[in-house]
There are 2 protein chains.
Amino acid sequence: MCSCTYDVTVEATGRRRRATVKDVALEAGVSRGTVSRVLNGQPYVSDEARAAIDAAIAKVGFVPNRAARSLVMQSSQAIGLIVHEPHSLFVEDPNIGSILLGANAALSEAEYQMASLIADSPRDVQRLSHFLGAGLIDGVIIVSARVGDPITQAVAHLGLPAAFVGHPRDIGDAAYVAIDNRAAAREVTTRLVGTGRRRIGMIAAALDRDSGSDRLAGFVDALGHRFDPQLVQSVPLYSFSCGQEGMRALLEREPDIDGVFASSDAVAAGALDVLHAAGRSVPEQVGIVGFDDSSWALRCDPPLSTVHQPATELGRAAAEAVLRQLRGEGAGGPHLLECPIIWRGSA
Amino acid sequence: MCSCTYDVTVEATGRRRRATVKDVALEAGVSRGTVSRVLNGQPYVSDEARAAIDAAIAKVGFVPNRAARSLVMQSSQAIGLIVHEPHSLFVEDPNIGSILLGANAALSEAEYQMASLIADSPRDVQRLSHFLGAGLIDGVIIVSARVGDPITQAVAHLGLPAAFVGHPRDIGDAAYVAIDNRAAAREVTTRLVGTGRRRIGMIAAALDRDSGSDRLAGFVDALGHRFDPQLVQSVPLYSFSCGQEGMRALLEREPDIDGVFASSDAVAAGALDVLHAAGRSVPEQVGIVGFDDSSWALRCDPPLSTVHQPATELGRAAAEAVLRQLRGEGAGGPHLLECPIIWRGSA
DNA sequence: ATGAAAGCGCTAACAA
DNA sequence: TTGTTAGCGCTTTCAT
C-alpha cells in the first residue's frame, strides 16, 4: 500500500489539511490522550502503544500544531530577539550578526526557537508592541534599545521575561548583559596617552545611546584635568562617513592634534581616511584607536588598535538570562563581560 | 476608581493573567461574539456597543491571543524569513541586512509580522523543518538556500507558500527573485575586456551556490574562445581572505595577468591587497572588477568597478511573492531584477 | 496503562 | 443588531 495515502489530505482548494492527533490516534488505534503522552515523553504508555503511535506519526506525516499547544500550555518555546535600529545601522553594525548567532546557539541548545523581529519604523514598533503580548513568544532579548523605547515599555508592562544587550538607563532592574564601555574607553584612552600624545581628541558618536555616552565618559575620566571639550567632536552615527566628518572638524579646530579616540572602528576608519588625505602619518604624527574590533580594524592601514567586543558571548549570555527567568530562577540585573584591548599599529 | 484595577490580574506566582475576550465582554456588558466583531472590524455593531467595548479593551489592557486566533483562523499573519548561511557568512554578507529590511517593509505594510529564523547548525535545520509545519507561520522567504537543502524540502513537502531569494537549481517552479548573475558577469567581464586587457583571470568564489557558479558561467561566456581555465582560481567563500588567497595563486601561475574579475567585492578587496603588496598598480597594470556594490567597493583604493545588487528590492519582491500566494494569486516562477554595472576607478 | 471529557482564547455560523 | 454555541488541535485531569 502506498505510504502516501495518509500523508496529507488534499482538499478541494488544493490546500493541504494537516494531520492532527486525532488522525494519529485513529491510525494507531488508541485515544488522543495516549498520543499526547507519547508526544510529550510521559510515562505509563505500553511499548506496543508507543510503537503503534510512532509508526502512525510517521505514516500520516504528523507535526504537532504549535498554536494549539501554545494555547493550552500557555507557552510557545519560542523567544523573540528584537533589533531596534535605525535603518542604516542595522545593515552596518558589525556586532549584530554575531549577537544573533550567539543567542541562537544558546536558545537552540535549550530547544527554543529564536525569532528575530525587526523594528524599523513606527509602524513596526506599534505592531511589535502588540505581538509581544499575544502569547506567541515566551520571552525576549532586546538589542540596542534606546531610552524611552516604546518596546521596552511594552515589555515591562507585560511582565515578559526579558534581557537586554546593552544598558539603556530606564530599564530598572531588568536583566542586561553588556561590556563596561566606560572602563574600556578609559583604559584604551590611557594607553593612547601612554604613547606620549599631548593633544588627544575624541570623535564621539551616538551620544544618544548608552554605549556612545559611556565611551565619552570613559575618555573624560582618563584625561582628568587635562580634558579639553574643544577636542571632542560629536557625530550622530557609528559610521565611516561620520568618522570623516568628525575628523575634518577636529582637524580644523585643532591642527596640532596628535591623538584620536574614535568611538567605533568604522568611525576610526573614516578618521584615518581624512588624516591620510590631509597628509598626516599614522601612527607617527597622529595615533588613533577605535572600538569594536570589527573587520574594519584589520582592513585599515595601519591596522587599528581597538577594544574587542565579545559579541557572540553577549548574545549567548542574554539568551541564558532569559532562559533563567523562564525557569523561574529570577536573575535580573547586570552581567558584564570582558572586552580586552587589542593593540595594533595605529597607535 | 483606579484604572489599573482590571489592568492585569496578578496571581499567586507573581505571573500575570492576561485579559481575554471574556473579560472584555464582561466589562462592556456584551457577549464575546460582539467583542470579536469589534476586534475584526466587522459590521453590524451598534455605536454604543463599539464604544463600550473599546473602552473596556483599554481598561483591562486586552491584547488578543494570537495562538488562539491562529488556531481557529488557521493562519497567523506571520511569515518567516529563513537565513541558512554557514556561520561566517551570515556575519559578513553585505546583502542580508538589506534583504531583511526590504522584506520587512513589504510585510509590515501588509500587516504581517516578519520573523527571521536562523539555520546555523544541523540541529537548527531539524528544529526549523518542524517549526515550519507547526502552523505558526503562513509562509516563508528563503535566503541563500543551497541545493538539496532539507529546509527547502520540508517547505515543498508542506506546500507552504514560499519565495526564494536566489535560485537554487532544485526548487522546481517555486517562486524566486534574483538577479541574472550570469548575464551580469558576462557584461562586466565584457567591459573589462573592453579596457584592452589580454590576460584576464577570475577568482571564482562559492561555486557550490547558484550565484557563484552563474558568475563563473558568465565570465566564460564573455571570453568565448579566448577563455583559459588556467586563469580561473576557485575559492570557497565570498570573503576578503579568500580573495587574497585566490589572487596569490593566480599571480603565481600567471605573472603576466592584467585583469581580474572577482566574484564579490570582498574577494576583490582581498585581491587588491595582494596586488598592491606585489607592487602592481591598479588600474594601470591590472584592472579589477568586483560584484555586489557593497561598502567594500567604495572603501577600496581605487574604488571598485562592480555590479550593483538591489538587495532591498530583492527582499521586498520576495515578500510580495509570498503575499501574492497567500491571496491565492498563484504566481510562482522567476522574478528577475535589474543589476546595473557601476564603473569606478579599478578598471 | 488507557479512554473520556473539559477547556486553553478565539471566531463564525446560527438563532433570536 | 446581538447572544449562543460549536469547534480549531492540543494537554490534562479523572475515571477506569
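So you know, we letter chains A, B, ... as the sequences are listed, proteins then strands, and number each from 1. Owing to the predicted nature of the structure, the values given are computational and were not obtained by experimental measurement. The analysis underlying the following values was restricted to heavy atoms, covering all of them including side chains, and did not include hydrogens, waters or symmetry mates.
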Under-4.0 Å side-chain N/O to phosphate OP1/OP2 contact, S36(B) with dA12(C): no

Between dA1(C) (P) and E48(A) (CD): distance, integer Å: 10 Å

Sugar-phosphate, base or nothing in reach of V30(A), heavy atoms under 4.0 Å: sugar-phosphate

Touch class at under 4.0 angstrom, heavy-atom based, for P64(A) against every strand present: sugar-phosphate

Atom pair distance, as rounded to whole Å: CE in M73(A) and C1' in dA6(C): 17 Å

Distance in angstrom units between R32(A) CZ and dA4(C) C1', rounded: 9 Å

Atom pair distance, as rounded to whole Å: CD in Q77(B) and P in dC10(C): 16 Å

Side-chain heavy-atom pair R18(A), N65(A) within 4.5 angstrom cut-off: no

Heavy-atom neighbours of Q126(A) CD exceed 12 at 6.0 Å: no

N40(A) side chain reached by R69(A) side chain, heavy atoms, under 4.5 Å: yes

N40(B) vs dT11(C): side-chain N/O to OP1/OP2 distance below 4.0 Å: yes

Euclidean distance, atom CG of residue N65(A) to atom C1' of dC10(C) [Å, nearest integer]: 14 Å

Protein-nucleotide distance (Q74(B), atom CD; dC10(C), atom P), rounded to Å: 17 Å

Length of the CZ-C1' vector between R50(A) and dT2(C), whole Å: 13 Å

Atom pair CD (Q113(A)) and CZ (R127(B)), whose distance is rounded to the nearest 0.5 Å: 4.5 Å

Touch class at under 4.0 angstrom, heavy-atom based, for R37(B) against every strand present: base

Residue mapping more 5' on DNA chain D - nearest nucleotide basis, G33(B) or V72(B): G33(B)

Point-to-point distance, once rounded to the nearest 0.5 Å, from OG of S76(A) to CG of L71(A): 12.0 Å

Under 4.0 angstrom between S46(A) side-chain N/O and dT2(C) OP1 or OP2: yes

Q325(A) side-chain N/O to G332(A) backbone N/O, donor-acceptor pair under 3.5 Å: no

Minimum heavy-atom distance A318(A)-V177(A), with the two atoms named: N-CG1, 3.8 Å

Whole angstrom value for the distance that separates P of dA1(C) from CD1 of I53(A): 13 Å

Touch class at under 4.0 angstrom, heavy-atom based, for A49(A) against every strand present: sugar-phosphate

Opening and closing nucleotides of DNA chain D in contact with chain A, under 4.0 Å to non-hydrogen atoms: dG9(D) to dT13(D)

